[in-house]
Structure formats: C-alpha cells, structure tokens
2 protein chains.
Amino acid sequence: MKRVTIKDIAHNLGLHHSTVSRALRFSSEVNAETRERVINYAQSKGYQINRNALLLRGVRSNIIGVIVPNIHHNFFSNFVSIVTRLAFESGFIVAIFQSEESLVQEIEIVNSIIQQNLAGVIFSHSMETEEVSHFNKLDQYKIPIVCFDRVTKSLNKSAVVLNNEATLRNVVRKLSAMGYSKIAYLSGASSIQLFRERQNGYIGGLEEINASYSNCVALAGAFTIQKGQELIKELWMHDEKPDALIFDSHFLAIGALSYLKKNHPGCTDNLGIASFGGDPCLSLYAENTIIIKQPEKQMAEAALDLLLSAIDNPAADKVEIIEFQAEIIDNKL
Amino acid sequence: MKRVTIKDIAHNLGLHHSTVSRALRFSSEVNAETRERVINYAQSKGYQINRNALLLRGVRSNIIGVIVPNIHHNFFSNFVSIVTRLAFESGFIVAIFQSEESLVQEIEIVNSIIQQNLAGVIFSHSMETEEVSHFNKLDQYKIPIVCFDRVTKSLNKSAVVLNNEATLRNVVRKLSAMGYSKIAYLSGASSIQLFRERQNGYIGGLEEINASYSNCVALAGAFTIQKGQELIKELWMHDEKPDALIFDSHFLAIGALSYLKKNHPGCTDNLGIASFGGDPCLSLYAENTIIIKQPEKQMAEAALDLLLSAIDNPAADKVEIIEFQAEIIDNKL
DNA sequence: GTTATTTACGCACACGTGTGCAAAACAATG
DNA sequence: CATTGTTTTGCACACGTGTGCGTAAATAAC
C-alpha cells in the first residue's frame, strides 16, 4: 500500500530500475516492447514520480514562492490568483508567504524558501522593509527573483511596477476636472518607494491644478479598516474639510467612509472618491467614485514570464523593469 | 558559491558528515566541544538544511496543500490567509491550488500533490465535483485530508462546515422581521451539498414565515459579477418582483445590484439585501443590508488543527466534523 | 565464418541527510 | 597492567531517481 517506485516496477518486471527509468522517460535506447510493458505496468499500478528524488539530483524545483504583505487585499489576491493559475499551466506550483508587513517575518520567509530550494520568487515587500539585503541571500542559492508593486531599485532585480507618479497625477487631474479642488490623500508609508512616487504624483498634480488646498497626505502604516477610521477622524478635525479623497487601499476607503457616514452623516454625499483596490463594490456606493484599477492580470503575466525565463536561463541574469499604466475607471461596473 | 552541505562542513573540519549531522541535531553522543565547532562553522558559512534530502529519507514534507475554487472570493482568500499564517507559525508552508470550479483541474491537482508528496490537504471542492473518489487516491499515499465549506459526506473525512440550513433559515427570519416577505435567493449549484442545505434552509424559512411569495431560487454555476447580472435580469422579467434578495456570493450581489441600479433605477432603494461574502463594503451601500459572515478565522484554525493532528498521528484516522454558526450582521461596520 | 556495428540492458554512483552498528579513544576499576 | 565500561567518532547503507559507462547479445557487413 506504499508508494510505487521505479525499483518496485523493475523488480516485478525482472528489469533493472535504470531501464525502467529510461522507459518512462521515453529514452530511445530501450526496446519498444519493453517500454510498452513498463509503461502499462506503471499505469496499472498508478505510479507517480517522486519529485523529491529529482530535486536531490539537482533538478530544479517546480515550486515558486510568492511573498506578499497579505492576501486579504484585492490587488494581492487577484495577482496571486492569476500567477497561481498561469504557473500551474506551466507545470509550476505556488507557495504563498505573507510578510504581514513585518521585516522579521520576511527574513524568516527567505530562509524558509532557501531550505525548500524553491525554483524562484515573486515578491512585493512589506511596509517595514526599507533595506532589502536579506533578499540577496537568494542570489547565493541561485534562486531568481522578480519584484512587483512595491519594489526597491537598489535591489537591482527584474520588476513589474505601476507608473505610480503618473497615475496619481492623473487621478488628481480627473478629480479636478470633476470640479473638486480640496483633495486629500490617504496613502502608505513614505519609506516605501512606491508610495513616495504616488505622493510625488499627488503633489505634482495639485500644483498643476493650482489647488488652493495644499497637499494633505495622511500616512497609514497598515491598510486596515481601523486605520482608515483613525486617519479620517484626524483629518476631519481640521477646519477646512476636503471635498475629495484618494485612497491607496480599499480598506482605508471603507474605514474612512464608514466613519464619515456614521459620525458626519450627509457629508459624503458630494464627496469625490478615488480608490485603489479595485473592488467594484465601491462604485455601487456613490456616483462620484473613481476606481483606480491596476492591471493585475497583465502584471501577473509579466512577472511570471520574467521569473520563468530567469529559471529557464539562469546564466542570462538580465534585469528588466516593466511598467504598467493604471486604468482610471469612472464609476461603472 | 554553491549550497553548503554537511559534507562540506565535515570535510573542512576533518570530521565525518555523520558527526556533523549529529552535532547539528544536538545529539548527546557528540562531544560538546566538537558540537560547538560544528555549529559555529555552520553558522559562519550560512548553512541551511536541505529539506529535500530529508523528504527522501521519509521525513514528512512541511508543505500543506490548500485547494479552493479560487482566491478572488473574500471567504476563500480570508480562509487561506489565516491558514497560511497559522501554518507558518507551526513550521508549515502552504501551497495554493485553484480548481477554478473544474473537476478535471481538481484531478490534476490531486496528482500534483501526490507527486510533491505534500504533508496534507485542506480543500473545498469545485462546483462540478459531484463525485469525490479522486480524493481517495490521497489515502493510498497516506496524505491526510480535511474538508471545509463545500464538503461531501460520502468522502468520510474530517471537515469544518457552516450550519448552512440553520443559517439560511435565520436569514429568512431576519428579513421577515424587517418586513420583507417576497424573498428571492441567488444560490449555487444544487449538486453541491452545501448549497442544497442552504436551499433547504431557505425553503424551510419561507414556510415558517408563511411567505406569500413561493420559493424562488436562481442557481449560479459560478460566482461572478456577470452571472449575478444574468440571473437578476431573468428574475426581473417575472411579474411579481421580490422585495428582498439573498446572495450566496459577494460577486453575485454586485452583479445583480449594479444591473438593477443601471436598468431599474430606484428599485433597489427599499430592497432588503443579505449576502454571503463578508466584504463590509456592501453595507456602505444601503441601510437595509445584512452581511452573512462566516467565522473564517475560527474555521481556518479548526481546519488546520484537524490537519496537523492527522499529520502528527497518521494512525489515529479519526473523523471529526466541526460545525460553525454564521454571524448575521445587521449593517454596521 | 569472422569482424564491426548497433541495440538493449545492467552496474555503480551521485544527490544530502540520518542512523544502526562497529571501531576507536578514553576513563575507570580491580 | 589488564579488563571492563563509556564516550566519541567513522563506516556503510538507505531513501528514489537519473545517467555515464561497460558489456553481452543481436544484427549487419564483408
């Protein structure tokens, strides 16, 4: 009742295991009839190759690791979902790791990946990660890396990113065109390159439209409903209230909007809202809602492509940065 | 520049690799001084054990597989997220598999899991899966299984489930108490036990409240926005319109509501809405919204507990079904 | 019928780790 | 010093698979 191995097959067929191995790999140096016998027997016994044995012989793993801050967030779960599907179609399996925005956790994850000898890694780093040298360890073990979303240039790895600065500039323009001028922005930690870029785009946009309301960025160390509530509460204490809000995360948006709805009813009626996160449900909420949609599908495809070609061709070691444009969707489903 | 192995260490320290192995495992039969030397050297060289070699020796894998229809859906991504986190804390890694509601895919996944020799499997099967015998293959390889959410009794495995019938009965009661009587239900394929149970609860609830509007279940083979639009379109062709809607999925709800908003504006103003899926954002939408929240956290904990104890104690082979109550949340965040 | 060539298979080792057993080194006892 | 006991280390094999090399048998060439 235990696993059937090529040795078992060999023994039962009066062959050597090396012959069985060759037969199963359709080697030309095994007699057609013998091959037939082996394959039929293997099939009848439900033989499944033991991948672990292959790994030991130096064959690369077919498991790739994906490290994300978490998979609650729509963007990440969509991304992971697509990577997982495409990877499976290419014969790869995806192991998921969540840094939970913690650097310590991230370091542990990297060690774990080395121990498992994974084939490669796609990752978006945590909010806490300002220094990325722990990822260099992977180089030593020749485990290729592709970054996405939150990247750090100094790591010098292939990456798939959004054109963040331009995106935020466009969102501000769009809100301005809709008649809003006092635009606040609930963003992420500015230690992260990604958010710095967006914040720059935001400020640039405000300058461009000559906003009376000067730049008002509230920074969130984590993207939770609670954080959204806290930040908006603070923001609403100022005398001058914004007339539009931009959110870096769906959860920040929900937190903020639910807070306003409960504590300042009516004030959201004419509020302009733009949010990353891509859950179409927000646009059910209000007419004047903008969804900032990242092209997860294309990004996931691109990231996997980069990784698989790095796996196939470890020598190449080329660095490629692919930039995508966010789609700014004007309240339709 | 290649991986440091115990043999390398042994060679450099003039020891045999078996001594090094013992030293690293803190065996009492190795000299304290030698052990010290080995451990220091290993640390200085950044030695990381090669798990694949362990696997070959029969040590169980530390990778568990989680098979879900997909991870777009909030319930599944939350569940997977929690399982992944808890598993990592217990030294396990999670590999994700998406059946995409396809039986063929599911069978391929099972084979892949066998090839990888995973430690165990937690799964919720696809909509297409009426017959579950392909999972029995895992028994042969002594890979333990825990089912959750969508389960099939005939498989006779430990499972973590919702009290579906009672839940739907309660939802109907609740809507009735809120003054609704013409309650329609957009549900999933009735070939799945889970949805049959819910549908029975729904019908039972309607009888209980003496609903004038007879049972009206629209079945979705997949939970997508598009399906929600299609089903509601069909439903809205009938003369008598429902005054409340129950959804088995967030995406069905968004699809349906966006359709109504666009094509029958105003009609949703007084509509009672209850939805599985747990995205709090729906309750921003309307006052009269009920969120049917499954206790993902507890369910994930329970499922992982069951699996880990089955892994630790393969002989026990006991079957345990754990049932949870859904929380019916009345429009607050 | 002899030699050369091809075909088909077996042998042995490698991959990294762990462990039962034997051998060596050392300590203790008489 | 001889004997016994204990501690420490090394040897050899196992796990499942693939592959270079060798070789016997089968076939072809002359």
Side-chain angles (χ1 to χ4, degrees), chain A residues 1-39 41-42 45-62 111 114-119 140-143, chain B residues 1-39 41-42 45-62 111 114-119 140-143:
Chain A
M1 213 39 176
K2 61 184 276 290
R3 185 172 203 108
V4 181
T5 71
I6 53 171
K7 281 189 182 171
D8 299 334
I9 298 174
H11 188 254
N12 282 318
L13 259 46
L15 292 168
H16 197 262
H17 77 269
S18 60
T19 305
V20 174
S21 169
R22 278 187 267 256
L24 291 172
R25 323 198 107 243
F26 294 92
S27 161
S28 61
E29 31 177 328
V30 49
N31 189 314
E33 192 201 345
T34 312
R35 187 198 308 156
E36 203 73 9
R37 272 207 309 151
V38 169
I39 289 174
Y41 186 83
K45 291 290 172 185
Y47 169 78
Q48 296 271 8
I49 199 170
N50 185 338
R51 276 232 143 75
N52 302 137
L54 292 188
L55 293 180
L56 202 50
R57 296 202 75 251
V59 177
R60 64 140 173 60
S61 162
N62 67 335
N111 283 336
I114 291 172
Q115 291 187 0
Q116 302 286 343
N117 238 321
L118 298 193
Q140 197 186 328
Y141 293 91
K142 307 219 196 303
I143 300 177
Chain B
M1 211 42 177
K2 61 185 277 289
R3 181 171 207 110
V4 182
T5 70
I6 53 171
K7 282 190 182 171
D8 298 334
I9 298 175
H11 189 253
N12 282 318
L13 259 45
L15 291 168
H16 197 262
H17 77 269
S18 58
T19 305
V20 174
S21 168
R22 277 187 269 255
L24 291 172
R25 322 199 108 242
F26 293 92
S27 162
S28 62
E29 36 177 323
V30 50
N31 189 315
E33 192 201 347
T34 312
R35 188 199 305 158
E36 204 73 8
R37 273 206 307 152
V38 169
I39 289 174
Y41 187 84
K45 291 290 173 187
Y47 168 78
Q48 296 270 10
I49 199 169
N50 185 337
R51 276 232 144 75
N52 302 138
L54 292 188
L55 294 179
L56 202 51
R57 295 202 77 250
V59 178
R60 62 142 173 60
S61 162
N62 67 337
N111 283 336
I114 291 172
Q115 290 186 2
Q116 302 286 343
N117 239 321
L118 298 193
Q140 196 186 329
Y141 293 91
K142 306 219 196 304
I143 300 177

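In this text the structure is predicted, and so the values were computed from the model without any measurement. Residue numbers start from 1 in every chain, and the chains themselves are labelled A, B, ... in the order their sequence lines are given, proteins ahead of strands.
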Axis-to-axis angle for the helix from C:dG1-D:dC30 to C:dG30-D:dC1, ends of five pairs each, to 10°, equals 60°

With B for base contact, S for sugar-phosphate-only contact and - for none (protein heavy atoms under 4.0 Å), nucleotides 4-13 of chain C reads ----BBBBB-

Does A:Thr5 have a side-chain nitrogen or oxygen under 4.0 Å from the phosphate oxygens OP1 or OP2 of D:dG16?
no

Can you tell me the distance, in whole Å, between the CG atom of A:Asp8 and the C1' atom of D:dT17?
13 Å

Pairs flagged by side chain to side chain donor-acceptor pair (under 3.5 Å) wherever residues 28-37 of chain B is involved - sequence neighbours left out:
none

Which pair of non-hydrogen atoms, one from A:Ser61 and one from A:Leu55, has the smallest distance, and what is that distance?
CA-CD2, 3.3 Å

For B:Asn62, side-chain hydrogen bond (donor to acceptor under 3.5 Å, both in side chains) partners two or more places apart:
A:Gln116

Nearest-0.5 Å distance that lies between atom CD1 in A:Ile9 and atom CG in A:Leu24:
5.5 Å

Between CZ of B:Arg3 and C1' of C:dT17 the distance, given in whole Å, is 12 Å

Using the side-chain contact (heavy atoms from CB on, under 4.5 Å) criterion, which residues pair with B:Gln115? Sequence neighbours excluded.
A:Gln48, A:Ile49, A:Arg51

Return the value, rounded to whole Å, for the distance between atom CD1 of A:Ile6 and atom C1' of D:dG16.
6 Å

How many Å lie between CD on B:Glu36 and P on D:dT9, as a whole number?
13 Å

Approximate separation, where rounding is to 0.5 Å, of A:Asn117 CG and A:Tyr141 OH:
9.5 Å

What donor-acceptor contacts under 3.5 angstrom involve side-chain atoms of residues 12-23 of chain A, with partners at least two apart or in another chain?
{"residue": "A:Asn12", "atom": "ND2", "partner": "A:Asp8", "partner atom": "O", "Å": "3.2"}
{"residue": "A:Asn12", "atom": "ND2", "partner": "A:Tyr41", "partner atom": "OH", "Å": "2.8"}
{"residue": "A:His16", "atom": "ND1", "partner": "A:Ser18", "partner atom": "N", "Å": "3.3"}
{"residue": "A:His16", "atom": "ND1", "partner": "A:Ser18", "partner atom": "OG", "Å": "3.0"}

Would you kindly give the CG-to-P distance between B:Asn117 and D:dT17, to the nearest whole Å?
10 Å

Could you give the CG-to-C1' distance, from A:Leu56 to C:dG18, as a whole number of Å?
13 Å

How far does CG of A:Asn50 sit from OG1 of A:Thr5, to the nearest 0.5 angstrom?
9.0 Å

Here the distance between atom P of D:dC11 and atom NE2 of B:His11, to the nearest Å, is 12 Å

Rounded to whole angstroms, how far apart are CD on B:Glu33 and P on D:dT7?
17 Å

Phosphate-side-chain proximity, A:Tyr47 and D:dT17, N/O vs OP1/OP2 below 4.0 Å
yes

